[in-house]
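Quick notes on the structure that follows.
Proteins come first, then strands; the chains are lettered A, B, ... in the order of their sequence lines, and each starts at number 1.
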Amino acid sequence: MDDSLFSSYLDKPSIFKNKNILTSNYIPDKIAHREEQIKQLASIVAPALRSYSPNNAFVFGTVGTGKTISAHFVMNELLTAAKKNKTVPIKTIYINCKMKKVADTEYRLFARLLKEFDCVVPDTGLPTDVLYRKFFELIDKQEQIIILVLDEIDALVSKVGDEFLYNLTRINTDLTKAHLAIIGITNDLSFTDALDARVKSSLGEEEIIFPPYNALQLRDILMERAAAGFNDGVLEESVINKCAALAAQEHGDARRAIDLLRVAGEVAEREHETKISEKHVDIAEQRIDLDRVTESVKTQPRQSQAVLYAIIKADSDKLGSLLTGDVFDKYKEICTNNGLKILTQRRISDLIAELDMLGIIHTKVISHGRYGRSREISLAIEGTVLDNVKKILFDRFGE
DNA sequence: GTCAATTCACATGAAAGAGACCACGGTCTAGTG
DNA sequence: CTAGACCGTGGTCTCTTTCATGTGAATTGACGA
């Protein structure tokens, strides 16, 4: 069985030493260029070690600036320090509020919190305030300090309002034994403006800002990861520079940089090369784009796909600018051909806005004076990516 | 020629409905001793 | 007598509709030079 199906994979020396390190949710032992922020965050949560309740805090920074990873890092450190010092029990809870079906509503947020305390509640059916009370009773049973990290908190607030935050802060004043500190992470710098004044003042006791990385810092980060993640000698120095430069253009997104590097490695491996070169980075960039778009197109609900298909078809039919009305007409056609229910234009307008958010199309509201005001729609994808999307949609809807 | 009013084709917001899912408590039914 | 089936009520959640209001510049038409 020597030349089994997989022998060619196993025989070849792998490019990767530890691929895990090259994913963006890996937490390294030390986080480069974030010393200042980590120190700040540590000083905020440090009172927990002396059994005082830490202040609430907000962490700001655009995507890929290391907020989440730093928060994880500090929480881990805090827990190990607490273990050594034998303090009041400290519990840290990390919740990503954007995760679909996990914590994207108030009910589910509390359900998730309860789950952290081994209290399983049904997905639905209970009034939210029952969960709230349950949570309250549960944590106040014993003396403890709970640090709750709410990642992407802006997503949840924009969806369900800021009332739950108010409830959470109020919990704190009613607790007798336990303490609850909230650390909100957001990539919307103006997030607090929209908050209720009461929430803002009690939650924004401390603020930490994570600036974007520049190309040099990204390079350092990649160097570290690459050294641990790749086998020696598979990487040309220029590859790292290129990844760093590309990601720096995208507002210094370290996640992007790391993904680029990893995918470049995967591409090289697939092509049975022993070295990663710059051309692999180019391919990786395209592939990440392709994967991102096709994935989100595939997972869109049918109606949304129909709208996208309408946009693509109308775009190729029509010269000049494409307006919501044009798309709606085309969409109606597609629906009748496929026995799909025709939704109102109001709804289509929203679906178009969502597609814009996904980065699949570009959208701009412009006024044509006497001839009304509408969105001018254009495709944000082209070439192979567009062809792929077309194919997916064609399979779904045919002509 | 100038200027304010008009007008279009939607955008944007708010509220509420439909239908799926579910928990809970009470009532009914059938099986058991 | 009791365990389990069944039902009504009330809850969440997503997708959608309905109703209402907003918007910005091309066009229009009144007006004065």
Side-chain angles (χ1 to χ4, degrees), chain A residues 95-115 118-138 152 154-165 167-168 188 190 193-196 296-311 314-315 318 320-336 338-358 360-378 396:
Chain A
I95 292 181
N96 187 326
C97 303
K98 214 176 175 175
M99 295 231 303
K100 283 259 180 285
K101 309 277 177 191
V102 177
D104 55 351
T105 68
E106 184 178 6
Y107 181 92
R108 295 214 260 251
L109 174 67
F110 276 100
R112 185 64 218 287
L113 283 173
L114 284 164
K115 208 168 137 214
D118 295 320
C119 172
V120 177
V121 293
D123 294 343
T124 165
L126 293 181
T128 306
D129 59 303
V130 170
L131 297 207
Y132 175 80
R133 266 202 301 280
K134 237 181 189 164
F135 176 66
F136 181 90
E137 282 163 20
L138 208 57
E152 314 224 36
D154 45 327
L156 186 50
V157 169
S158 69
K159 204 176 150 198
V160 302
D162 55 7
E163 209 165 312
F164 77 96
L165 279 177
N167 288 341
L168 275 175
D188 178 5
S190 59
D193 297 351
L195 285 181
D196 186 298
S296 60
V297 168
K298 270 189 210 155
T299 54
Q300 281 307 298
R302 237 185 137 59
Q303 288 288 357
S304 191
Q305 290 177 339
V307 173
L308 180 58
Y309 198 38
I311 292 170
D315 184 65
K318 200 174 176 195
S321 57
L322 193 58
L323 269 33
T324 303
D326 307 330
V327 173
F328 187 56
D329 290 341
K330 204 85 199 169
Y331 160 81
K332 281 193 285 198
E333 220 175 90
I334 291 172
C335 282
T336 9
N338 286 276
L340 218 57
K341 192 186 160 198
I342 297 174
L343 303 181
T344 47
Q345 181 155 348
R346 174 71 187 83
R347 181 66 187 136
I348 302 310
S349 180
D350 279 350
L351 289 178
I352 290 173
E354 277 171 35
L355 288 172
D356 183 29
M357 293 270 286
L358 287 171
I360 300 173
I361 59 173
H362 286 310
T363 239
K364 203 168 130 202
V365 180
I366 47 164
S367 176
H368 293 101
R370 183 61 202 275
Y371 305 109
R373 215 168 91 95
S374 176
R375 276 202 184 88
E376 200 176 78
I377 301 160
S378 60
R396 292 261 201 297

Any base atoms under 4.0 Å from K100(A), or only sugar-phosphate, or nothing? Heavy atoms, all strands.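 The residue K100(A) makes no contact with any strand.
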Any base atoms under 4.0 Å from I348(A), or only sugar-phosphate, or nothing? Heavy atoms, all strands. nothing
May I have the distance from L126(A) (atom CG) to dC22(B) (atom P), rounded to whole angstrom?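 Taking CG of L126(A) and P of dC22(B), I get 13 Å after rounding.
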What is the distance from OH of Y107(A) to P of dC22(B), rounded to the nearest Å?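 That distance rounds to 11 Å.
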D129(A)/R133(A) under salt bridge (Lys or Arg N to Asp or Glu O under 4.0 Å): CA gap, chis, key distance, verdict: CA-CA 6 Å; D129(A) 59 303; R133(A) 266 202 301 280; 3.6 Å; yes
Tell me if a side-chain donor or acceptor on [X] pairs with a main-chain N or O of [Y] at a distance below 3.5 Å.
X	Y	result
Y331(A)	L343(A)	yes
D162(A)	L195(A)	no
N338(A)	I334(A)	yes
E152(A)	M99(A)	no
D350(A)	R347(A)	no

Could you grab the distance from atom NE2 of H362(A) to atom CD of E376(A), nearest 0.5 Å is fine?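 Going from NE2 on H362(A) over to CD on E376(A), the span is 12.0 Å.
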Residues of residues 300-308 of chain A with any non-hydrogen atom less than 4.0 angstrom from an atom of DNA chain C: list those, numerically ordered, please. Q303(A)
Could you pull out the closest heavy-atom pair between [X] and [Y], with the gap in Å?
X	Y	result
A353(A)	R375(A)	CB-NH2, 3.6 Å
T344(A)	F328(A)	C-CE1, 4.0 Å
A103(A)	N96(A)	CB-O, 3.8 Å

By nearest-heavy-atom nucleotide on DNA chain C, the more 5' of L351(A) and D123(A) is D123(A)
Once base and sugar-phosphate atoms are separated, protein heavy atoms under 4.0 Å mark nucleotides 5-13 of chain B, 5' to 3', with B, S and - as --BBBBSBB
Quick check for you: name the first and last nucleotides of DNA chain C, 5' to 3', having an atom under 4.0 Å from a heavy atom of chain A. dG10(C) to dT28(C)
Below 4.5 Å, heavy atoms only, C-beta onward: do D356(A) and I352(A) meet side chain to side chain?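 They are not in contact (no side-chain heavy atoms under 4.5 Å apart), so the answer is no.
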